[in-house]
Amino acid sequence: MTQLQALIIDVDGTLADTERDGHRIAFNKAFAEAGLDWDWNVARYGELLKVTGGKERIRQYLSEDHPAILEQAGIDDRIRELHAAKTRHYVALLETGAIPLRPGVRRLLDEAEAEGLRLAIATTTTPENVTALLEATLGKEGPSRFEVIAAGDVVPAKKPAPDIFSHALNAMDLPAKACLALEDSDNGVRSARGAGLEVVVTTNDYTRDQDFAGAMAVLDGLGEVDSPACVLSGPALPGAVLDIATLRDWFARA
Ligand code: XBP
Ligand code: MG
């Protein structure tokens, strides 16, 4: 039996609830700044989340709502510019401290390090967004707590393709059977499973009703002592929170 050696963790929706009040706001600011009347409300953004990656998401929106614009000359550059502006707005928003880590995340990271587990990130979002979130929530040393940060366009195919998790595994020189992925979405589960990883899901408002087939366990969060986690599918939790001992136990049984 292979022991658990590393956690490979998603960012958006898993480490922090970044989508509704973070990325969405930043997209809308970029659109307004460019003089566009596009406005992604909470529900519409939820639909667009089926496509991961900001540039890919803008393209998807245009294909559905403004197909003629997608045919215009120079549209690829236009999308890249809009997305660069979105990243600027998003990083500025994170720097205000507006987006905290999800409950239990800091605790689990501290425990993982104390127990000698290696940590990595696998996300579709832009690298500077990851740095900004980790610095804003964990301090200047936050990013260096992860030995690998696999992010954004470093791979050509974003989640649900397995590439980003495979990239993180290669960078850590670890086999999938020694690692566990933490995710929040169906696209993330498909990506991690495609790379051969076991996955534990913590859901959020946007992902609660998705299909997490293949996940080892699905919970509504990591839980804290005063607000216990609820298991939606998978083995029962021995206590109020998901901790490293429980993850090790589930991993050994999977
Ligand atoms: C997260 C995403 C990201 C962000 C936007 O997916 O889909 O695209 O919404 O990031 P996951 P960028 O959590 O599955 O990795 O705009 O920087 O691309
Ligand atoms: Mg996610």
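Each ligand, and each atom within it, is numbered from 1 in the order the structure gives. All values reported here derive from a predicted model rather than from experimental measurement. What's counted below: heavy atoms across the whole structure, side chains too, no hydrogens, waters or symmetry copies.
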Among all the protein's non-hydrogen atoms, which is closest to [atom], and how far away is it?
atom                    : value
atom 9 (O) of ligand 1  : R57 NH1, 2.6 Å
atom 10 (O) of ligand 1 : T125 OG1, 2.7 Å
atom 8 (O) of ligand 1  : G53 N, 2.7 Å

Assess [X] for proximity to ligand 1: is some non-hydrogen atom of it under 4.0 Å away?
X    : value
N129 : yes
V11  : no
G188 : no
D10  : yes

Determine which of the N, O or S atoms in [X] is closest to the Mg ion (ligand 2) and give its atom name.
X    : answer
D184 : OD1
D12  : O
D10  : OD2

If I apply the N/O under 3.5 Å rule, does [X] come out as touching ligand 1?
X    : answer
T126 : yes
K159 : yes
T124 : yes
D12  : yes
G54  : yes

Under 4.0 Å to a heavy atom of [X] - the qualifying atoms of ligand 1, by number:
X    : value
T123 : 15 (O)
Y45  : 9 (O)
K86  : 5 (C), 10 (O), 12 (P), 16 (O), 17 (O)

Open item on the list: Before you tell me yes or no, could you show the steps for H89 and F27 under ring-ring contact (aromatic ring centres under 6.0 Å, His included), namely the whole-Å CA-CA distance, both residues' side-chain angles and the distance that decides it to 0.1 Å?
Closed with: CA-CA 8 Å; H89 287 297; F27 279 113; over 10 Å; no
- [ ] Take D163 and K158 through the salt bridge (Lys or Arg N to Asp or Glu O under 4.0 Å) test and state the conclusion after the steps.
- [x] CA-CA 7 Å; D163 305 35; K158 293 184 177 163; over 6 Å; no
Open item on the list: Using a 3.5 Å distance criterion without hydrogens, assess whether the side chain of R44 forms a donor-acceptor pair with backbone atoms of Y61.
Closed with: no
TODO: State whether the side chain of R190 and the backbone N or O of K159 hold a donor-acceptor pair below 3.5 Å, judged by distance alone.
DONE: no
Open item on the list: Within a 6.0 Å radius of atom CZ on R145, are there more than 12 heavy atoms belonging to other residues, nucleotides or ligands?
Closed with: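 It does: R145 CZ has more than 12 such atoms within range.
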TODO: May I ask you to say whether R80 pairs ionically with D77, meaning some side-chain N is under 4.0 Å from a carboxylate O?
DONE: yes
Open item on the list: Among R59, K50, R57, exactly one meets salt bridge (charged side-chain N to carboxylate O under 4.0 Å, His left out) together with E64. Which residue is that?
Closed with: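 When R59, K50, R57 are each tested with E64, the salt bridge (charged side-chain N to carboxylate O under 4.0 Å, His left out) holds only for K50.
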TODO: Decide yes or no on side chain to side chain contact (heavy atoms under 4.5 Å, CB included) for T126 and V91, but give the supporting numbers first.
DONE: CA-CA 10 Å; T126 305; V91 167; over 6 Å; no
Task: Side chains of R78 and I69 in contact at under 4.5 Å (non-hydrogen atoms) - done: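 Counting from C-beta outward, R78 and I69 never come under 4.5 Å.
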Task: Any side-chain heavy-atom pair of F146 and L109 under 4.5 Å - done: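 In contact.
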Open item on the list: Checking K29 against E33 for the salt bridge (Lys or Arg N to Asp or Glu O under 4.0 Å) test, could you report, in this order, the C-alpha distance in whole Å, the side-chain angles of both residues, the deciding distance, and whether it holds?
Closed with: CA-CA 6 Å; K29 281 189 171 174; E33 189 178 65; over 6 Å; no
Open item on the list: What I want to check is whether the side chains of T246 and D243 have a donor and an acceptor closer together than 3.5 Å.
Closed with: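 Checked: T246/D243 side chains pair up, N/O donor to acceptor below 3.5 Å.
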- [ ] Classify the contact between E56 and ligand 1 as side chain, backbone, both or neither, using a heavy-atom distance cut-off of under 4.0 Å.
- [x]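 No part of E56 comes within reach of ligand 1.
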TODO: Of the side chain and backbone of H83, name the one, both, or neither that has a heavy atom under 4.0 Å from an atom of ligand 1.
DONE: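 Within the 4.0 Å criterion, H83 contacts ligand 1 through side-chain atoms alone.
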